[in-house]
Every structure is written in C-alpha cells, then in structure tokens.
Protein chains: 2
Amino acid sequence: MSLSVPKIRSCEDCPIRYNAVCSKCDPEELQDLEEIKYYRSYAAGQTVFFGGDPLEFVGSIVSGVSSLTRTLPDGRIQMVGLLLPGDFMGRPNRDTIDCDVVAETDVMLCCFRRKPFERIIDETPHVGQRLLEMTLDELDAAREWMLVLGRKTAREKIASLLHMIATRMASLKPGETAEATFTLPITRETMANYLGLTIETVSRQMSALKKDGLIAFDERRDIRVPDLAALKAETGEIA
Amino acid sequence: MSLSVPKIRSCEDCPIRYNAVCSKCDPEELQDLEEIKYYRSYAAGQTVFFGGDPLEFVGSIVSGVSSLTRTLPDGRIQMVGLLLPGDFMGRPNRDTIDCDVVAETDVMLCCFRRKPFERIIDETPHVGQRLLEMTLDELDAAREWMLVLGRKTAREKIASLLHMIATRMASLKPGETAEATFTLPITRETMANYLGLTIETVSRQMSALKKDGLIAFDERRDIRVPDLAALKAETGEIA
DNA sequence: CGCCTAGTTGACTTATATCAAACCGCGTGG
DNA sequence: CCACGCGGTTTGATATAAGTCAACTAGGCG
C-alpha cells in the first residue's frame, strides 16, 4: 500500500484552499497557519484517532475519505460521519476525541497541533468563523442522517447513501447530467455501519436496486446511476 | 393555556446567564446584546419555526423544552434535537430553517433578529466562540444519538432517553444520589419520534422497564429512577 | 354526561437480523 | 502455473424484534 508523499508546497496550490477551514483567510492569516501546519499521510484502513485518546492535533482532509465511528462495548458499530476533502477533523477545546477516525482510502491530512490552533482560533477571526460555519453544516448533515437512521427503510437508506455520495462527489466536477458515475470509497461493511444495517441487508438491497435498474455495477465498487432523479425518488424524500 | 409573561429585567437576573450563547460575554459585550434582545413566549404545542420558513430571528431557550423535528413527505417524523434551557435555536448565515421547531412545554425565548445577531457574531468574539463551542457540543450529542438510532434495541433506546433526561435535568439541581425523579417533558409520541419507534413499542418498553423495577411511575409522566446505574446498564453502553 | 386525547395491551404481520453456505477475484507460495 | 486461502460479497433459509391493526382504559374538559 503506497503512501503518496505530499506534493503541495504552499497553501496557494492546495486543492482544498477554497473550502477548508482556512478558506476565508486573507494572506496574512494564511501565513500564520502556514507556519504551524504539517502534513501526514495514512494508508487505507489505518486509524487516525482512537476514541478516548488525547487529541494532539486537528486538521483538514486534503485528499481521501475518512470515517468517524462510535462503538458499543459489545462491538456494535455506528458510523457517525464521513469526512471528504476539505472536511475538518478534531475538536478544539477538548482534550480527548470521542469517536474512532479511520482512513477509508489513502488519506492526506493538513494538520495543526491543537494548542497553537486554538490560539489561532482566538486570534484570527476568519478561522473561527469558518469553523463555525462548517460545524453548523455538519450538524445539519448529522440531523439529516438521524432521519435516515430513525425512519427510513433499508431500501431508502441505501438509496439515500448512494444519492448523497453521487451528489457530493459530482459537486467536485460539476457538469450535471441526470446521470452519475463514481467509485464507492467504502466497503459494504462500512455502508452497513453508516446505515445501521447488516452487510447482508446492504447486499440484498444493492442487488434489488440493480435489478430494478436504478443503479448498475459489475465491479462491486464502480457504480453508475443512470438517472439521479429516479434514485432520489427511492429515498423517501419525494412526495 | 397560560403564557407566563417574562419577568426578567436584565441579563444579570437571567437563569441562563452562565450557559447560554452569551455566557462568555464581558459586561460591555452583554450591553450590545441587551440592546437588541427581546422576549417571546410560546404555549406548549405551538410551533416556533416551520421547516423551510425564512429565519427571521435566532435565540436562546430561557425556560421550557422545545423539539427539533424533520418530516418525510409521507408523514414519518424524526426528532433530531431536544432544546433545553440555555440551548440556542436558529442558524446564523442561513436564510431558512430546515427543521420544525415546536414548544413541547410552555417556552420562553430570548431572541435576536438574525441580521443584527450576525453582525454581533462578527464583532464580539466571545459570542462566536461560545456559539462554536455549543455547536460542537450539539454535534457530539447528535452523533451520540445516531448510535442510539442506528444500533440500539427498543429497550436500550428507552433506557438511553430516560437516562439522558434524568441526568440533564438532575444537573440543574446537583446533589447526586443514585436516584432521580423527574417529570417527562414529552409525550409518548414525542418519545417515539425521538427514538425512531412507534408509540406502541415505547409504551410496551416503558411497561417492561417498570415491571423490571428499573423505573417507577403511576401518573404517566412522573418518573422515578430508583437506581441510575441500573438504568444505565440497560442502555448498552456498559461492558 | 359523553367525548376526546393519551396511553396501554393484545393478536398478528413483516422487515430486517441471524445463521449458513457458496462465490469471486486476487495474491502467494509450492 | 496452478492450488490455495482470504477478504469481500452474494444468496438462501429461518428467527425475531418491532410494526400494524385493533380494542380498551383512564383522565380532563366542555
């Protein structure tokens, strides 16, 4: 498993320059951040943080996908967040982290040691403001997901997840047809953990959606959605 | 249904002075807030915001309990947040709200029109900082709840809800025995909507917990928990 | 007094979990 | 080069937790 070495030299080149926690910074603020940032890479499957560990650093996902999970003592797992490029991980003003953070694909992180970053939040308003904005968005997403977990059927859950991934991925390369193609960044097991289902149920519903022509795939991970609107109609969100 | 008229004259008297969005403010900042604040009351059952409506104001719960809910077109409802005194409602920098907000009991709100409040966030750092802190806490709570919704059994869900209410209410009057008594601020239906269950299942599990001696009640809403640790053991969170 | 809402309880159905087996692509070592 | 094992996935048979439908109780209020 090869770890890509960071090639980014300055924040100007950074692929997440305009949506990460630093996106509102003016050049001067950016300079402050630049002085304390450093990069880290994780291979797919590696754990970035263990729940309960002291939180030494925070940071942004530059590339790749990570998951946030919570686990019950008997081993039941629930994914509680999916972090894509630009998303922030860690929690200022908290000594420990309460979720496991796992790299689902190879991941590159732009990190800041927590203490200096907390100082920056207090001193450079645009970082704190952007972080508030991002946290509010995440809260909205978490609440949206509570509806999925609490009230949707297995089929609706799968359709919702696929639709979300399709649109979030698509938003990176905008060009918008009714169609979408993407590679699932996660295993069936991870999907199950996200959706509060078993992997067997995930598999059955994927097969059912395929049989119904709503999605297509041969290789297990390469999904084609011929008609995003039709998939959306399966999420239960349409009247 | 009688609406209590606000009796609070200044922020100094305010019951949520030290845990609301204003809690980090120094006297000068408080003065800025005081100039734009106003009070509103809602009777139990009234809707404060309808999902999708323009968001004219934001504010803090001074007293009472409100719920945040999301609804699917076919009528399925999921509660996605429970707001207790001190909690903040509304969303700066967003023109509409995406949840219904309902007063579960009589509620008093300390409100700010949204635009002036947004200006305050930008100008008085302690408000933005506190709001970030509160939003991060809410995000943690939402994630905790995703675990409940996705992976817990009906009994564990009920136990989790009762335990949470017991401890959150208890924290107001700290004195900590192993025992707790409280009045449920919500109906069985609201409980069901919070937990992603039907009201019949809620009722059955309440009866089961009662039969097992984990809770006691005659009047449907006045709950006594003889042993909080024993209740906690039913939440699935204990090894 | 009778209706209305909130809650409880029972009988039955069903969606999803559980248990079990087999499949498929892939890298490894004989 | 092929057999093997392995992780990830699919599919089938069965079990069960929770949902549905329905009847009934108990307060509260006009």
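Values below: every heavy atom of this structure, side chains too, minus hydrogens, waters and symmetry copies.
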Interatomic spacing from CD in B/Glu234 to CG in B/Leu162 - rounded to 0.5 Å: 11.5 Å
Minimum side-chain heavy-atom gap A/Met206-A/Arg188 below 4.5 Å: yes
Donor-acceptor contact below 3.5 Å, side chain A/Gln78 vs main chain A/Tyr194: yes
Value in whole Å for how far the P atom of C/dT16 lies from CG of A/Asn193: 17 Å
Nearest-angstrom distance from the residue atom CD1 of B/Ile199 to C1' of D/dA22: 13 Å
Carboxylate-amine/guanidinium contact A/Asp140 B/Arg70, below 4.0 Å: no
Nucleotide nearest A/Glu200 (side chain, heavy atoms from C-beta), chosen from C/dT8, C/dT9, D/dT11: D/dT11
Pi-cation contact, A/Phe49 with A/Arg94 (under 6.0 Å, within 45°): no
For nucleotides 12-14 of chain C, list the nitrogen or oxygen atoms of the protein found under 3.5 Å from its nitrogen or oxygen atoms, one pair per line.
none

Protein-nucleotides 14-18 of chain D N/O pairs closer than 3.5 Å?
unit_1: D/dA18; atom_1: OP1; unit_2: B/Ala154; atom_2: N; d: 2.8

Length of the line joining B/Met191:CE and C/dT8:C1', which is rounded to integer Å: 14 Å
Touch class at under 4.0 angstrom, heavy-atom based, for A/Ser203 against every strand present: base
Interatomic distance, B/Asp74 CG vs D/dT20 P [rounded to whole Å]: 11 Å
Integer-rounded Å distance: D/dG19 C1' and A/Arg151 CZ: 11 Å
d(CE, A/Met206; P, D/dG8) in whole Å: 16 Å
Separation of atom CD in B/Glu156 from atom C1' in C/dA17, rounded to whole Å: 15 Å
Short side-chain N/O contact from B/Arg221 to OP1 or OP2 of C/dG7, under 4.0 Å: yes
Whole angstrom value for the distance that separates C1' of C/dA6 from CG of B/Asp222: 15 Å
Below 4.0 Å: OP1/OP2 of D/dT10 and any side-chain N or O of A/Arg188: yes
Donor/acceptor link under 3.5 angstrom from A/Arg204 side chain onto base of D/dG12: yes
Proximity to the side chain of A/Ser207 - top-ranked nucleotide from C/dG10, C/dT18, D/dT10: D/dT10
Residues B/Glu237, B/Lys152: salt bridge by 4.0 Å N-O rule: yes
Over all atoms of both residues, closest heavy-atom pair of A/Met191 and A/Ile186: CG-CD1, 3.6 Å
Test side chain to side chain contact (heavy atoms under 4.5 Å, CB included) applied to B/Arg91 and B/Ile97, B/Leu55, B/Thr96, the passing residue: B/Leu55
Electrostatic pair A/Asp218:A/Lys210 at N-O distance under 4.0 angstrom: no
